[in-house]
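Notes follow once the structure below has been shown.
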Amino acid sequence: MSTEEKEIKPADAETSTEEKEVKEVKKGKPVKKWKLIVTFVLLFLFTFLTAAVLWALGSWSLLTMDELLWHLKVSLKGTNPDMIWSFVLICGGSAIGVTGLAAFLLFLFRKEPQTFRRVFRISFIASFVILAVGLVSGWFGLGIGPFLKDYFTVSPYITDNYVDPGTVKLTFPEKKRNLIVIYMESMEMTFMDGENGGAFPENVIPELTVLAKDNEDFSGKSEIRNGGIALPGAIWTMGALFGTTTGLPLKTPMGQNGMSIDDDFFPGVVNLGDILKKEGYNNRLIMGSAAGFGGCRHFYESHGDFTIHDYDYAIDTGLIPEDYKVWWGYEDEKVFQYARDELLELAQGNQPFQLVLQTMDTHFEDGHWCRNCTYDFGDNRYANIMHCSSRMVAEFVHWIQKQDFYENTTILITGDHPTMDKNFCDDVPETYQRKTFTCIINSAVTAADPDKTRVFSTFDLFPTTLAALGVKIDGERLGLGTNLYSDMPTLIEQNGLESTTEEISKHSRLMDDMYMGRFVSPFFEGSH
């Protein structure tokens with residue numbers, strides 16, 4: 001072999017090596033399987049989370065962190081199946097779709113290493129971009145920033161203003177009056193026309209408007225109807241039930257489960273049911289949905305030892321077929337039908353009674369259309385359903401007024417909270433103060449100043465309901481509420497709405513103690 005040939009061979013070898021290195025660079029190292037798995041998991045989870053936030057914000061208004069935290073602590077059993085399916089389809093579908101698209105593209109370019117790695121990097125980065133969208137949407141849409149600021153700002157406001165019913169002398173009349181409470185889902189006085197103080201061009205709830213005019217809504221001599229302002233901690237159903245019967249916001253500490261289903265619900269707190277039970281009342285609840293949802297059963301059984309006739313009860317007793325399910329359970333028409341029978345039975349007993357009804361047909365989104373609904377408001381479905389609810393309640397009240405027991409019975413009708421329907425109040429000005437519908441019928445007392453328009457929150461309904469039964473309250477205050485029949489100012493009248501709202505939004509050590517059972521009212525001495 002010649003010297004020239006020997007010199008050429010190393011050159012050929014070097015060229016071959018360079019070409020191999022270029023090919024390796026172009027090919028790149030293969031993406032490890034664990035990195036692919038992590039990317040798919042992140043894409044799925046972050047897309048699901050972001051879709052959940054956007055779904056929640058797009059489904060209803062007035063959603064707060066207090067409500068979200070509460071529902072994370074309690075049972076969701078009994079939720080409307082339509083809502084569950086909507087959540088699953090939108091959130092699950094979005095997560096599967098985005099993750100599936102990434103997987104498809106990676107499979108498509110599996111034989112093109114550079115493109116494959118580029119798609120992989122984009123997918124990985126995209127997962128965090130999607131998470132950022134969810135976090136930003138939640139931060140501003142759910143008010144996470146203000147919530148965290150309030151949570152880490154401790155205020156003595158609730159402690160300083162709370163009046164424990166266990167330390168107040170309550171004097172019942174010799175003949176105790178019966179009480180009927182109707183919680184109307186999402187019912188606001190907002191739905192009246194401007195002439196009556198509402199914000200709609202046409203009165204959607206004329207029958208309720210007449211009831212408010214003819215009875216007590218604390219509007220004084222004004223022709224403008226009045227209602228309760230839902231303060232923080234009382235703008236969803238369970239918060240509203242808690243607030244109107246304890247005079248307190250439903251605030252719970254983060255990071256603690258606190259009570260379980262086997263514990264009492266805020267065990268040391270006195271509410272209306274506790275007081276009436278101690279006075280010998282027979283407490284009963286009728287609702288067309290499952291009472292387990294949102295802690296409702298837990299609440300009523302812990303405070304007042306209520307007999308609960310809900311959707312599950314109706315199935316178990318044969319009131320409705322086993323496979324019957326509409327909306328959240330059964331429709332409001334049946335609630336009022338069953339309530340008539342219950343009232344006739346209760347009236348035959350030898351105990352005073354409290355019957356609580358909860359409607360559900362007007363729940364967001366757009367409500368439940370029953371056979372009694374009409375097209376009085378054209379194609380505005382929710383307005384027609386609100387009107388239907390107004391008619392049914394008025395008919396039920398008129399029936400009660402014809403019964404023998406009515407003479408000694410007081411009726412409270414209240415919206416539980418402002419509607420969370422996403423678009424029903426789109427045309428309501430932001431400056432308009434939305435209020436829940438409020439009306440007390442056949443009260444045992446009259447207002448100290450019948451000409452005065454009161455500015456009040458739903459917390460004030462706690463002592464006011466007792467006063468309407470003829471109960472004398474030393475000091476005229478219970479919880480954070482004021483007896484509206486008295487001349488005592490409410491907290492809003494005394495401190496202003498903005499200040500009251502701001503302080504109640506802040507963290508309260510007393511509410512923590514109440515939730516965890518560290519606070520026990522003297523009312524329960526010997527029973528806890």
Side-chain angles (χ1 to χ4, degrees), residues 170-184 207-208 211 214-216 241 244-245 271-288 291 296-297 300-301 303-314 316-320 330-360 389 391-414 438-446 461-462 464-472:
L170 303 174
T171 307
F172 277 74
E174 184 176 347
K175 185 177 182 181
K176 296 170 182 174
R177 298 177 67 82
N178 304 313
L179 174 63
I180 299 172
V181 181
I182 305 173
Y183 284 105
M184 298 190 70
E207 297 83 4
L208 290 177
L211 285 178
D214 293 344
N215 297 282
E216 183 62 84
L241 300 177
T244 55
T245 59
N271 89 332
L272 180 63
D274 295 315
I275 294 170
L276 296 184
K277 179 66 177 180
K278 194 170 186 178
E279 291 293 329
Y281 277 70
N282 183 348
N283 290 323
R284 192 168 296 185
L285 167 69
I286 301 178
M287 57 191 300
C296 185
R297 176 181 295 278
Y300 279 111
E301 289 181 342
H303 293 280
D305 193 22
F306 276 74
T307 298
I308 298 175
H309 291 174
D310 64 347
Y311 170 74
D312 295 331
Y313 170 85
D316 293 341
T317 57
L319 285 174
I320 56 177
Y330 62 78
E331 58 272 60
D332 291 345
E333 178 189 10
K334 289 183 172 60
V335 170
F336 293 115
Q337 175 189 332
Y338 300 153
R340 287 173 167 84
D341 297 333
E342 297 271 356
L343 282 169
L344 294 176
E345 176 194 328
L346 288 167
Q348 296 301 314
N350 56 7
Q351 291 177 269
F353 62 81
Q354 175 188 198
L355 179 65
V356 177
L357 308 180
Q358 290 181 217
T359 70
M360 189 59 81
S389 184
R391 288 198 310 271
M392 283 195 289
V393 169
E395 290 170 2
F396 180 63
V397 168
H398 294 152
W399 176 85
I400 293 172
Q401 291 173 326
K402 295 176 183 177
Q403 309 307 310
D404 293 338
F405 62 80
Y406 173 68
E407 182 181 356
N408 195 47
T409 299
T410 296
I411 305 171
L412 166 64
I413 308 173
T414 179
T438 306
C439 176
I440 298 179
I441 302 170
N442 201 25
S443 171
V445 296
T446 57
L461 293 180
F462 175 29
T464 301
T465 302
L466 283 169
L469 295 176
V471 179
K472 294 180 179 178

Any [X] side-chain heavy atom under 4.5 Å of [Y] side chain:
| X | Y | value |
| --- | --- | --- |
| Gln354 | Phe306 | yes |
| Gln348 | Leu346 | no |
| Tyr313 | Ile308 | no |
| Gln351 | Tyr281 | no |
| Ser389 | Met184 | yes |
| Glu395 | Phe336 | no |
| Leu272 | Asp274 | no |
| Arg284 | Glu342 | yes |

In Å and rounded to the nearest 0.5 Å, what is the [atom1] to [atom2] distance from [X] to [Y]?
| X | Y | atom1 | atom2 | result |
| --- | --- | --- | --- | --- |
| Leu285 | Arg297 | CG | CZ | 8.5 Å |
| Cys439 | Glu216 | SG | CD | 8.5 Å |
| Ser443 | Ile411 | OG | CD1 | 11.5 Å |
| Met392 | Leu208 | CE | CG | 11.0 Å |
| Thr245 | Asn271 | OG1 | CG | 4.0 Å |
| Leu355 | Ile180 | CG | CD1 | 6.0 Å |

Could you label the plane-to-plane angle of the Tyr330 and Tyr338 rings as parallel, tilted or perpendicular, counting under 30° as parallel and over 60° as perpendicular?
perpendicular
Atom of [X], atom of [Y] and distance for their closest heavy-atom approach:
| X | Y | answer |
| --- | --- | --- |
| Gln358 | Cys296 | OE1-SG, 3.7 Å |
| Phe172 | Glu279 | CE1-CG, 3.3 Å |
| Leu469 | Ala444 | C-CB, 3.9 Å |
| Ala394 | Glu207 | CB-CB, 3.6 Å |
| Phe405 | Ala347 | CD2-CB, 3.6 Å |
| Pro173 | Gly470 | CD-O, 3.5 Å |

Check whether any side-chain N or O of [X] sits under 3.5 Å from a backbone N or O of [Y] as a donor-acceptor pair, and report yes or no.
| X | Y | result |
| --- | --- | --- |
| Asp310 | Ile286 | no |
| Lys472 | Leu170 | no |
| Asp305 | Glu301 | no |

I would like to know whether Thr414 and Tyr183 meet side-chain contact (heavy atoms from CB on, under 4.5 Å); could you show each step before the answer?
CA-CA 5 Å; Thr414 179; Tyr183 284 105; 3.7 Å; yes
Qualifying residue for side-chain hydrogen bond (donor to acceptor under 3.5 Å, both in side chains) with Asn178, from Asn282, Thr410, Thr409, Asn442
Thr409
Within the supplied structure, the quantity of interest is the number of heavy atoms (other residues, nucleotides, ligands) at a distance under 6.0 Å from Asp214 CG; does it exceed 12?
yes
Apply side-chain contact (heavy atoms from CB on, under 4.5 Å) to Arg340 and Trp399, showing your working.
CA-CA 8 Å; Arg340 287 173 167 84; Trp399 176 85; 3.7 Å; yes
Take Ile413 and Val397, measure what side-chain contact (heavy atoms from CB on, under 4.5 Å) needs, and give me the verdict at the end.
CA-CA 10 Å; Ile413 308 173; Val397 168; 3.9 Å; yes
Leu179, Leu343, Asn283, Leu276 screened by side-chain contact (heavy atoms from CB on, under 4.5 Å) with Phe353, the one that passes
Leu343
Step by step, work out the side-chain contact (heavy atoms from CB on, under 4.5 Å) result for Phe462 and Ile275.
CA-CA 11 Å; Phe462 175 29; Ile275 294 170; 3.9 Å; yes
